[in-house]
Amino acid sequence: MAPAVPAAVPGAMERPHFIGIGGAGMSGIAKILAQRGAKVAGSDARDSATAESLRALGATVHIGHAAEHLAQDATGVVVSSAIRADNPELVRAAELSVPVVHRSDALASLMAGLRSIAVAGTHGKTTTTSMLAVALTELGLDPSYAIGGDLAGPGTNARHGDGDIFVAEADESDRSFQKYDPEVAIVLNVELDHHANYASMDEIYESFETFVGKVVPGGTLVVSADQPGAVELTRRVRDLSTPNVVTYGESQTADLRVHKITPRGLTSEVTVLLEGKLLTFTVSVPGRHYALNAVAALAAGVALGIPAHNLASAIGAYKGVKRRLQLKGEAAGVQVIDSYAHHPTEMTADLEAMRGAAEGSRLLVVFQPHLFSRTQELGAEMGQALALADASVVLDIYPAREDPIPGISSDLIIDAAEAAGAEVTAVHDKTAVPDVVAGMARPGDLVLTMGAGDVTDLGPDILARLSN
């Protein structure tokens with residue numbers, strides 16, 4: 001067991017109010033603060049299982065946004081980049097002169113004084129962070145962690161541990177990952193995404209360079225040796241006096257080289273070459289990209305001084321994260337699986353993983369595009385990715401925090417998919433999807449609900465319809 005760490009609560013966080021407390025990132029910070037003894041309150045647009053889990057920790061959760069939800073004695077208001085300036089609770093905070101703290105600053109304050117690992121990259125952050133959290137817990141190191149999804153085992157996205165390690169998902173989408181000072185930084189990939197905040201790849205590289213520059217003296221950058229953007233980032237930061245750089249991947253140049261990845265149904269067996277010796281371990285989720293995430297987690301743990309053999313065995317205890325190729329159930333011989341993938345690279349990786357696991361079965365996809373800006377920039381590539389499925393249902397764009405962009409719709413994706421030879425059905429009414437899928441599916445098929453929006457809610461409805 002690592003030395004115990006005092007359950008410190010930063011001053012502004014003694015009685016915090018979270019606007020959008022049910023979000024993946026916000027709820028994690030709120031949970032840790034509640035576990036450290038803070039008097040946590042907040043609001044969210046709708047009630048949820050996350051809100052209930054926060055209430056179980058003693059937090060006050062209001063449904064809807066209203067000025068009166070902000071308590072007079074609040075010591076700070078926590079917001080994410082998605083909160084608009086006219087939010088009534090944010091307006092009230094200004095009237096009461098309550099300090100407003102960005103989510104990333106709140107998380108940075110929780111990580112202070114601990115040995116932290118920050119995981120960044122356009123795809124795979126949640127999985128890699130989760131693998132580390134599970135493995136370190138399995139080894140008795142009792143880490144704290146903040147993740148963008150609920151672990152399948154513990155069923156939570158965050159926890160305050162008594163150990164001296166903190167593992168956090170580091171969000172590059174709004175540059176907030178630049179707030180952290182990690183001992184180990186992981187960069188899984190560097191790609192053009194988050195178009196509302198980055199105008200070019202140069203801006204993205206500059207942002208990642210700043211993140212890498214925040215690694216503490218003597219710390220380590222763990223970075224992919226395979227993904228072109230990550231390779232370019234490595235070239236750009238090689239001259240920095242800090243950090244140490246450890247590359248991983250299938251490339252012959254990798255410091256931690258993947259010797260072989262062997263699919264085993266819904267799992268994989270991974271063999272790596274580390275310091276001249278072969279090490280084999282199991283990854284309990286399918287797909288090459290998840291196997292590479294596990295290798296990144298292994299490299300980060302080794303950088304903290306954890307024996308590679310012990311860590312590799314512990315990674316096998318990871319059973320997945322909700323929404324990352326999560327099996328929702330089976331009905332009428334049809335398995336329904338949920339995927340958070342919403343970028344073309346993620347979509348392709350998950351579809352290829354499911355193709356490998358399908359073993360000759362048909363793969364049907366229900367895809368919901370996420371954000372108008374992302375669809376505008378990457379709609380054609382999304383459509384091309386859907387050509388990997390046997391048939392797809394495409395929903396309207398999930399707007400999240402964005403307003404519509406004239407002329408941008410799911411038609412961009414559908415046209416590109418059909419041009420690539422895909423069989424696509426457009427469905428504008430989400431409630432009609434279970435009937436549509438039931439009409440398409442037959443025993444032995446795999447149905448994949450895919451996207452970062454509320455398409456995840458369709459899994460149980462599809463299963464119920466198939467059962468009938």
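FYI, side chains are in, hydrogens and waters are out, and symmetry mates aren't considered; it's all heavy atoms of this structure.
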**Student:** Report yes if some heavy atom in the side chain of V223 is under 4.5 Å from a heavy atom in the side chain of F208; otherwise report no.
**Tutor:**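 They are not in contact (no side-chain heavy atoms under 4.5 Å apart), so the answer is no.
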**Student:** Does one side chain, of Y180 or S116, offer a donor that lies under 3.5 Å from an acceptor on the other?
**Tutor:**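 Not at all, the side chains of Y180 and S116 share no donor-acceptor pair under 3.5 Å.
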**Student:** Do F177 and V119 have side-chain heavy atoms sitting under 4.5 Å apart?
**Tutor:**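 Sidechains of V119 and F177: no contact.
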**Student:** Indicate whether the side chain of D454 and that of Q368 have a donor and an acceptor atom separated by less than 3.5 Å.
**Tutor:** yes
**Student:** How would you list all residue pairs meeting salt bridge (charged side-chain N to carboxylate O under 4.0 Å, His left out) that involve residues 126-136, not counting sequence neighbours?
**Tutor:**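 Every pair satisfying salt bridge (charged side-chain N to carboxylate O under 4.0 Å, His left out) with a residue in residues 126-136: there are none.
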**Student:** For a side chain to side chain contact (heavy atoms under 4.5 Å, CB included) check, start with the C-alpha distance between L395 and L458, then their side-chain angles and the critical distance, and finish with the verdict.
**Tutor:** CA-CA 12 Å; L395 298 169; L458 288 174; 4.1 Å; yes
**Student:** Side chains of S81 and H102 only: does a donor on one sit below 3.5 Å from an acceptor on the other?
**Tutor:**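 Side chains of S81 and H102: pair found under 3.5 Å.
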**Student:** Excluding sequence neighbours, so at least two apart, what forms salt bridge (charged side-chain N to carboxylate O under 4.0 Å, His left out) with D403?
**Tutor:**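 So D403 forms a salt bridge (charged side-chain N to carboxylate O under 4.0 Å, His left out) with R84.
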**Student:** Kindly indicate, with the supporting measurements, whether the criterion side chain to side chain contact (heavy atoms under 4.5 Å, CB included) is fulfilled by V272 and L298.
**Tutor:** CA-CA 10 Å; V272 298; L298 178 67; 4.1 Å; yes
**Student:** Sequence neighbours excluded, which residues qualify as salt bridge (charged side-chain N to carboxylate O under 4.0 Å, His left out) partners of E381?
**Tutor:** none
**Student:** Tell me every residue that passes salt bridge (charged side-chain N to carboxylate O under 4.0 Å, His left out) with D44, counting only those two or more places apart in sequence or in another chain.
**Tutor:** none
**Student:** How would you list, by chain and number, every residue that makes a side chain to side chain donor-acceptor pair (under 3.5 Å) with N310, sequence neighbours excluded?
**Tutor:** none
**Student:** State, without any angle test, whether T280 and E269 hold a side-chain donor-acceptor pair at a distance under 3.5 Å.
**Tutor:**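 Note: T280 and E269 side chains miss the donor-acceptor criterion.
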**Student:** Where do F372 and E402 come nearest, in terms of heavy atoms and distance?
**Tutor:**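 Heavy atoms only, the tightest pair is N-OE1, 2.8 Å.
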**Student:** Quick one: side chains of residues 253-262, donor-acceptor pairs under 3.5 Å with protein atoms, not counting sequence neighbours, listed by atom name and distance.
**Tutor:**
| from | atom 1 | to | atom 2 | distance (Å) |
| --- | --- | --- | --- | --- |
| T253 | OG1 | S251 | OG | 2.8 |
| D255 | OD2 | T247 | N | 2.8 |
| D255 | OD2 | T247 | OG1 | 3.2 |

**Student:** With a 4.0 Å cut-off, would you call E52 and R55 a salt bridge?
**Tutor:** yes
**Student:** Between G287 and S268, what is the shortest heavy-atom contact and its length?
**Tutor:** N-OG, 3.8 Å
**Student:** Heavy-atom distance under 4.5 Å between the side chains of L311 and F281, does that happen here?
**Tutor:** no
**Student:** Measuring centre to centre across the rings, with the benzene-like ring taken for any Trp, is H289 within less than 6.0 Å of H123?
**Tutor:** no
**Student:** Are D461 and K430 close enough for a salt bridge, meaning some N to O gap below 4.0 Å?
**Tutor:**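 Not counted as a salt bridge, because no side-chain N and carboxylate O are separated by less than 4.0 Å.
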**Student:** Checking side-chain contact (heavy atoms from CB on, under 4.5 Å) between M382 and each of M450, H370, M347, which is the one that passes?
**Tutor:** M347
**Student:** Might you point out which heavy atoms bring L136 and P143 nearest each other, and give the distance in Å?
**Tutor:** CB-CG, 3.7 Å
